[in-house]
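Source: prediction; values computed, not measured. Atoms within a ligand are numbered from 1 in the order they appear, just like the ligands themselves. For the single chain, residues carry numbers from 1 onward in sequence order.
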Amino acid sequence: MSKRINNSCEVLIVGGGVSGAAAAVAAARCGMQTVLVERDSFLGGAGYSGLHQYICGLYLNGEDIPVETLNKGIVREIVSLLNKLSPQRTIKKIGQVYVLPYSGEDLAFAFSSLCGNEKNIKVFFNASAAEVKKKSRTITEVVFYQSGIMHRIYPGILIDCTGTGDISAMAGAGFELSPSGKRQLAGFTVRLKGLKDSTEILSIKVPYYLAQAVNKKLLPAYLRFTTFSTGETAGEGFCKINVGGPDSVKREQTVRKDALKMIKYLAKKLPSFKDAYITETSLRVMEREGRRVCGEYTLTEDDVLNAGKFDDGVVKNSWPIEIWDKKKGTIYKYVKSGDYYEIPFRCLKARGIHNLLLAGRCISVTHEALGSTRVMGTCISLGGVAGKAAAHYIEKGEYPLEDKFSLK
Ligand SMILES: Cc1cc2nc3c(=O)[nH]c(=O)nc-3n(C[C@H](O)[C@H](O)[C@H](O)COP(=O)(O)OP(=O)(O)OC[C@H]3O[C@@H](n4cnc5c(N)ncnc54)[C@H](O)[C@@H]3O)c2cc1C
């Protein structure tokens, strides 16, 4: 029989993306024996492997340049660590929003340092959670595998930070999943070098030439929604390919081949692309939308656009609803300038399971509201809140009361 290891902990977090790593740090700082289980070999999840250029959802969008992040806590600490690691990267306004340029390496390093400083955190990398057992409405056991070894873990409370809501689904929690035609497009980013005169104008020219190629059936239709942005160094640029359809190995292989075709086509049409070559891609085609687990409240588009405030509001956000649509491309709907909405704690409480919390991309929101809540700045803050609330649950046997919420 293969080896089995049994263990218990107070707080178990599945998923070491930005929300999971933040949740682990927050729980450990409250004195909790914390276990973090991550399928990949790094912290930061999509924030590391997605080749994103900016952390969104950190600041209040308005006239004045923000001096601080909208939310306090771990998110502010992360920003300060990133500033120390790369002081040249400072807050930037793009259109109506403020973002923080960053590198995935810095982000993963910042989270590794924070987790490494907490003696109460044990991280299992390359470890996949596979099964959840419940007694009545309480999770009693989670099974995960690491290097062929089966681990059974008996947690006091579980936080789902898988992005996809995998662990909640395993626990039998209800969830919403948009049909693949309505789901937000997934993304695959390629980093290019060797561009000549890589100016902002390319962000208009690239989609224009790609639309022409699609109309002439020289390239597949989905490449029409590819965006281009310049990089930080001379000759560097990023193409973000946006693709629909179900997640599959075939889709991944197709997108990788089409990315090469696309760059060859652009090299023929645009002198700036003549010597361009791909230096790096995102780890895989990355999903923007997955399961949205049903919580005690479901945040809606109206809540976001009307800057809704709640007695149990725990995270503030001013990021617009950003939908990557299969037919229309990108659609933005903005929160009133200078204002923000709140995410109530009830969106983090899985409906019907006492000791299951949600953080990051899989919280209880509608398809539209997810277009705003899913950005990294918000996910880090959600993780921090979930970690603290989990500690409260372990210590007091209940979550903080909604009208006396003390986690803000
Ligand atoms: C194409 C694209 C572009 C984006 N661009 C930006 C941008 O520019 N700026 C921005 O702020 N945001 C951007 N986002 C959004 C952002 O990256 C994510 O929504 C956010 O990082 C989600 O964080 P998370 O912690 O909820 O989940 P994730 O980062 O997805 O982390 C979940 C983690 O859980 C792990 N996991 C899952 N299942 C299991 C399991 N069973 N066992 C163990 N581990 C498991 C995964 O390996 C992963 O590391 C973009 C997203 C996409 C897809």
Please collect all side chain to side chain donor-acceptor pair (under 3.5 Å) contacts where either partner lies in residues 327-340, sequence neighbours excluded, each pair once.
E301-K333, K309-D339
With respect to [X], determine whether any N or O atom, backbone or side chain, lies less than 3.5 Å from an N or O atom of ligand 1.
X: G377; answer: no
X: Q53; answer: no
X: R288; answer: no
X: M376; answer: yes
X: S19; answer: yes
X: E287; answer: no

Any idea which atoms of ligand 1 are less than 4.0 Å away from a heavy-atom of [X]?
X: G45; answer: 29 (O), 49 (O)
X: G187; answer: 1 (C)
X: M286; answer: 53 (C)
X: G360; answer: 26 (O)
X: D40; answer: 47 (O)
X: G15; answer: 33 (C), 34 (O), 35 (C)
X: V37; answer: 43 (C), 44 (N)

Please enumerate all residues that pass side chain to side chain contact (heavy atoms under 4.5 Å, CB included) together with A369, with sequence neighbours excluded.
L299, V304, V365, T366
Carboxylate-amine/guanidinium proximity below 4.0 Å for [X] and [Y]:
X: R183; Y: E287; value: no
X: D325; Y: K182; value: no
X: K316; Y: E68; value: no

For ligand 1, is there an atom lying under 4.0 Å from some heavy atom of [X]?
X: K240; answer: yes
X: G50; answer: no
X: S128; answer: yes
X: A186; answer: no

Quick check against the 3.5 Å criterion: does [X] have a side-chain atom that pairs as donor or acceptor with the backbone of [Y]?
X: R137; Y: I353; value: no
X: S8; Y: P155; value: no
X: R351; Y: E296; value: no
X: K134; Y: A171; value: yes
X: E289; Y: Q184; value: yes

Decide side chain to side chain contact (heavy atoms under 4.5 Å, CB included) for I263 and L192; before the verdict, give the C-alpha distance in whole Å, the side-chain angles of both, and the deciding distance to 0.1 Å.
CA-CA 9 Å; I263 302 305; L192 301 166; 3.8 Å; yes
Identify the closest protein heavy atom to [atom]: which residue and atom is it, and at what distance?
atom: atom 23 (O) of ligand 1; result: V18 CG2, 3.7 Å
atom: atom 49 (O) of ligand 1; result: E38 OE1, 2.8 Å
atom: atom 31 (O) of ligand 1; result: G17 CA, 3.4 Å
atom: atom 28 (P) of ligand 1; result: A46 N, 4.0 Å
atom: atom 26 (O) of ligand 1; result: R361 N, 2.9 Å
atom: atom 9 (N) of ligand 1; result: Y54 O, 2.7 Å
atom: atom 41 (N) of ligand 1; result: A129 O, 3.2 Å
atom: atom 16 (C) of ligand 1; result: R374 O, 3.7 Å

Please work out whether any backbone atom (N, CA, C, O) or any side-chain heavy atom from C-beta onward of [X] is under 4.0 Å from ligand 1, and answer side chain, backbone, both or neither.
X: V14; value: side chain
X: H52; value: side chain
X: A127; value: backbone
X: A130; value: neither

Residue selection (non-hydrogen contact nearest atom 27 (O) of ligand 1) among A21, G163, C56:
G163
For H151 and F124, I'd like to know if the aromatic rings sit close, meaning centre-to-centre distance below 6.0 Å.
yes
Ring centres under 6.0 angstrom apart (Y399, F345):
yes
Show your working on side chain to side chain contact (heavy atoms under 4.5 Å, CB included) between F125 and D40 and close with a plain yes or no.
CA-CA 6 Å; F125 284 113; D40 282 322; over 6 Å; no
Against I157, only a single residue in I139, I13, V11 fulfils side-chain contact (heavy atoms from CB on, under 4.5 Å); can you say which?
V11
Measure from NZ or CZ of R191 to the centre of the six-membered ring of F238 and say whether it is under 6.0 Å with the direction within 45° of the ring axis.
no
So, for A21 and L36, which heavy atoms are closest and what is the spacing to 0.1 Å?
CA-CD2, 4.3 Å
